[in-house]
Each structure stands twice: as structure tokens, then as C-alpha cells.
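Structure first, then comments.
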Amino acid sequence: VAFAAARLLREGPRDYEVVESAETGLALLDHLEGFDQAVLLDAIFTGKHGPGTVLEFGPDDFKMAPAPSNHFAGLPEMIKLAQRLRMRFPKDLRILAMEVDNPIVFRQTLTPEARKALPAFVERARRLLSA
Amino acid sequence: MKTVISIDPITRLEGHGKIEVFLNDKGDVDRAYMQVPELRGFEVFSLGRPAEDMPQITSRICGVCPTAHHMAATKALDDLYKVEPASAGRKIRELVYNAFMLEDHAIHVYVLGGPDFIVGPDAPKELRNIVGVIGKVGLEVGKKVISMRRRIRELITYAGGKVIHPVLGLPGGVAKSISPDELPKFKELAKDGLEFAEFTLQVFRDIVLKNKAYVDLITSEAYTHKTYYMGMVDQDDRVNFYDGKLRVVTPEGKEHSKFDPRKYLDHIAEHVEPWSYIKFNYLKSVGWKGFTDGPDSGVYAVAPMARLNAAAGMATPKAQKAYEELFKTLGKPCHHTLATHWARVVEMIQAAERMVELVNDPEITSKDVRTIPTQKPTSGVGVVEAPRGTLFHHYETDERGILTKANLIVATQNNSARIAMSVDKAAKGLIKGGVVNDGLLNMVEMAFRAYDPCYGCATHTLPGTMPLVVSLRDASGRVLREIRR
């Protein structure tokens with residue numbers, strides 16, 4: 001759903017850069033380093049909200065994982081790492097995530113719920129980016 | 001008309017390990033099982049597609065080592081279309097592959113294995129991550145790791161279009177040559193990569209080898225299994241990540257067999273257990289004797305320590321020196337699982353030295369990078385040494401190149417029996433009289449972290465927990481306790 005949103009965010013005049021990535025872990029450093037502000041878009045499955053619900057998080061909402069593999073290294077680890085390495089990393093970082101129906105079923109298109117919620121998801125991202 | 005395809009139930013790696021521990025009447029461990037409850041469907045849903053899609057499809061199997069799948073698939077296409085890659089194309093593939101090995105191994109040493117040895121096996125869990133490693137080795141080293149990784153990925157991106165899912169390999173060669181204008185940058189990278197690999201060996205010597213407690217841990221019985229070892233070797237039996245024959249040595253270190261990877265089905269078989277979706281590979285000629293080591297059991301290992309055990313030496317001079325230092329210290333063959341971290345550093349040096357050789361090869365900027373296939377496809381096997389061990393791709397097609405069969409054996413599968421044995425051994429050592437030592441999770445994690453099993457690519461849960469669950473059951477199967485992160 002984030003890829004679909006990214007494509008819409010590219011439409012029209014804009015003063016931000018749109019990057020699509022399927023990567024996690026250290027690759028996030030490559031994408032985020034050098035920016036002061038960033039909005040990350042993703043799908044999320046909490047099971048606590050209806051599909052299509054848009055949730056907003058800040059970096060402090062995520063905890064680091066005591067994980068056995070860099071397969072599990074994610075955003076919280078990279079934020080901490082960037083701080084330790086004193087990298088130029090977005091100080092203003094927001095995460096917008098759309099609750100999805102089932103993240104482990106393959107499909108070629110969005111679910112009807114996600115499709116319906118997509119314009120509002122994109123609009124919210126635009127608002128954050130222009131704030 | 002648009003066709004919407006939905007595959008249900010779950011066909012993608014969900015990404016958690018599950019351990020079931022069964023106790024006997026005395027409360028001691030009868031048996032511990034490491035389960036992989038996920039089912040992957042790549043071998044099935046690729047059927048009916050053009051074989052040429054496989055380097056792109058299979059690089060999606062794993063976000064950590066897409067280059068390994070891409071390269072194994074590309075080599076399988078060479079074999080499928082009976083085409084010998086153009087010499088420069090092969091060298092570009094090797095350059096990219098060795099760069100990938102250097103980067104992946106470096107990340108493992110500093111990010112993954114680091115918590116065990118650089119931070120220390122007894123460090124608090126909140127420090128057992130890359131941030132803890134940076135705290136120990138210092139900011140400058142941390143910056144060096146990040147910078148080296150980024151520069152290597154720039155090389156892969158240049159050659160492969162993108163780093164995460166490269167589009168480099170084609171049957172008979174590669175899609176793009178290297179411009180002479182870009183070469184100086186890659187020469188500089190290769191030189192710096194070699195310095196970095198040698199520096200990493202010094203870090204390992206200083207922090208790990210000078211600490212008796214760490215060395216005792218590496219050589220402890222809990223992390224030792226005397227199994228067979230397999231790895232790819234060149235014509236002189238030296239380690240080769242990209243191409244060669246597969247050599248297997250016995251637990252005593254003698255050559256057991258050496259074969260063309262195309263003949264892998266004559267040598268390797270898969271044992272199935274009802275409690276896990278992962279298959280357990282074993283050597284056909286020795287046979288499956290259960291989860292046990294020794295010369296009578298067909299269980300074998302792959303990955304860095306196994307590769308060094310299976311080879312007669314390294315293919316480059318500085319790596320050879322490091323190889324000799326390792327075996328002088330630990331003996332050959334080395335059966336200690338945790339020594340895999342050291343072997344990984346030795347391999348980093350070889351990967352970097354090979355990069356230096358390749359960027360200085362006059363042919364590397366040749367534009368003749370592909371031989372166009374002319375044969376009808378039938379069957380093809382492609383094998384590479386992935387960072388985590390031997391990776392097999394085997395395709396069969398109809399005469400149009402449409403896949404009728406796909407068989408993939410990933411590195412973790414080769415190691416699965418040995419990993420299961422490590423988990424069982426750790427549980428037996430740490431659970432007595434029904435009392436579970438709290439160090440169990442850490443010890444189990446350390447055992448399988450050395451292999452870096454690839455169970456969890458796709459798991460990113462919001463609270464950020466490591467999805468390992470240990471269930472403790474009594475003799476009747478009743479759950480007594482669950483331990484989870």
C-alpha cells in the first residue's frame with residue numbers, strides 16, 4: 001500500500017523527494033541520511049484496527065529488538081545507530097502506517113479497504129510533509 | 001481483462017523459530033526440537049513462468065542475500081541454455097559476487113556476530129546489538145563499517161541496476177559492462193576493502209582471541225559437532241565462492257567426495273520430519289542416521305567454517321595466511337560452530353583480494369560481456385557459495401523455456417540437521433530436573449546465530465520482539481512453561 005501511495009505522492013508539483021524501497025535494516029540509513037525531515041509510509045498489521053485505518057507514530061513508539069540476526073534490524077535500531085554515529089538523520093521523522101487486512105497473503109492489487117483508504121493516506125502524508 | 005491472483009493460505013516465510021522441549025519423568029530433557037513452521041512456495045509458484053524470470057523472482061526470497069539467489073539462478077540459466085558465459089561477463093559476475101560476500105560477511109561480523117564476541121557473551125541484552133558493538137569498537141570503526149558497506153552497495157548497484165534485487169545476470173553473461181571511467185573508483189574500493197578486511201581480522205584477534213574466556217567458549221563441547229563438511233573448491237581444492245566443484249570431507253578431515261554440482265542429487269538427499277517444514281539434508285552415501293554426528297551419520301555442514309574445512313586452502317595469499325593461523329590455533333578440521341565467526345573474517349580477506357585481482361584485470365572493462373544462447377533449454381543447475389553456505393538452484397523447462405520443475409536448496413537447509421543438534425545439545429545442558437536456566441535462550445541463540453539461519457526475513461513486528469518461542473513440555477506433552485522474547 002505504501003508503494004501505491006508513493007506513486008500518488010509523485011503526482012503534481014512537490015518540494016519533497018519520494019523513494020520507494022523494499023529494504024529494511026542498514027539500507028534505511030542510505031535512504032534517510034542527509035535529510036532533516038522524513039515521512040515513512042508502510043503497511044501495518046496490529047489486528048486492533050479495521051483495515052484501512054491510518055496510524056501515525058513517532059520514533060519513540062518503537063523499541064529496539066534484542067534479535068539474533070540482522071534480518072530483524074529495523075527502524076529503531078537504525079535511529080539509534082545514526083545517533084551514535086552522529087549522522088545527519090531526520091530530526092523530524094514520522095511514520096504513517098495503514099492497517100491492512102492480512103499481510104501474509106500474496107495479492108497483485110490492494111484490498112478494497114486499502115484502495116478506499118488510499119487517498120486519505122496520501123493526503124495525510126502530504127500534510128505532514130508540508131508542515 | 002485484469003486477472004487478480006490471491007494465494008492463500010500462507011506461502012511466504014513468516015519468520016519465527018519455534019523450539020519444543022520435551023522432558024522425561026525426571027524433568028531432564030528427552031528431546032528438543034527446533035521447528036520452522038513456515039511454508040515457502042517459490043518452487044511451486046514459479047512453475048509455468050519463463051525460466052529467465054528466475055534471477056529476478058528468486059532474489060525476492062531473501063532481502064539479506066538477494067545477490068546469492070540472483071547469481072545461482074543466473075548460473076542455472078547458463079546450464080539450462082548450455083551456454084558458456086563470455087569471459088568478461090563471468091569476471092563482472094565474480095566481482096559483484098565477491099563484493100557482496102565481503103559486505104555480507106562484514107555486516108555479520110560487526111552487526112550480527114558482534115554482540116556475542118565484540119560486546120561479549122555475557123553483556124546485557126540491551127547492549128547485544130550493533131549499537132553495543134559501536135560502543136565497544138568506537139565511533140570511527142562504526143563509521144568505517146557503514147561507509148564500506150555503502151560503497152560496496154554502490155558497486156553492486158552500478159553493475160546490477162539495484163542492490164536489493166539486481167538485474168545483472170543473463171544466460172551467457174551480464175547485461176552491462178563496466179565503463180573504464182568508473183573503474184578507478186572500484187579499484188579504490190577494492191583496495192580499501194582489503195585493508196578493511198585485514199583490519200577486521202586484527203579486531204578479531206584483539207577482542208576475541210586475546211580473551212581466554214571467549215576462546216574457551218568457542219572450543220566448548222556445547223558448541224561442537226563432529227560432522228561432514230561441504231564447500232565449493234577450485235581446481236586446486238581452494239575455496240571458491242562463485243564456481244567449482246563441491247568437495248565433502250569426513251569428520252576426520254579426509255576427502256569423502258568431490259563432484260560436479262550438476263550431480264548434486266546423486267550425493268545429497270533430504271530427510272523429512274513431521275514436526276518441521278524445513279527438510280534435513282544428509283549425504284546419500286552415508287545415510288540418514290538421525291540427529292547425530294560422527295562418521296556414520298550423513299549430517300553435514302556448510303557455511304564459512306565448513307568451507308574452510310572442506311578446502312585445502314584459500315585462493316589468495318593473505319587469506320591463506322589467515323586460514324593457516326585459524327587451523328594452527330583450533331586444529332583441522334575444526335568442529336566448533338562458533339569458530340564460524342573467525343572463518344567468516346578469513347573469507348572476507350579472500351573476497352577483498354579477489355576484488356583487487358578482478359578490478360586490475362584488463363578484461364574487466366571489455367564490452368564483450370555476453371554470449372547469446374542458441375540451444376534449446378532442458379535442465380540446468382546453478383550453485384554458488386552463499387555467505388551462509390552452498391546454494392543450489394535446479395530448473396527444468398519445456399523447449400520454450402517455461403519452467404516445469406524448480407528445486408532450490410538454500411544454505412540453511414544444508415545446515416538444518418546440525419542446527420537442530422545444537423539446539424538439542426543446548427537444551428540438554430541447561431535444563432535439569434525441570435528447572436530452566438535463564439541462559440537457555442542466549443545459548444540457543446548463540447548456537448544458531450553462528451550459522452545465521454535465514455528463518456526470519458519477513459518478520460517485523462511492532463513491539464520489536466525476537467520471535468523465538470521455547471515451549472517446555474512434560475513427559476505427557478503438557479505445556480509447563482513458555483519462554484519468549
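The sequence lines fix the lettering, A, B, ..., with proteins before strands; numbering per chain opens at 1. Predicted model only: the values in this text are computed from it and were never measured. Just the heavy atoms: all of them, side chains too, but no hydrogens, waters or symmetry mates, feed the values below.
Contact annotation for A97(A): neither backbone nor side-chain heavy atoms come within less than 4.5 Å of a heavy atom of chain B.
Distance check: L139(B) CG to R86(A) CZ gives 5.0 Å after rounding to the nearest 0.5 Å.
Chain A is approached within less than 4.5 Å, heavy atom to heavy atom, by G142(B), K143(B), I146(B), R149(B), R150(B), R153(B) from residues 141-155 of chain B, ordered by number.
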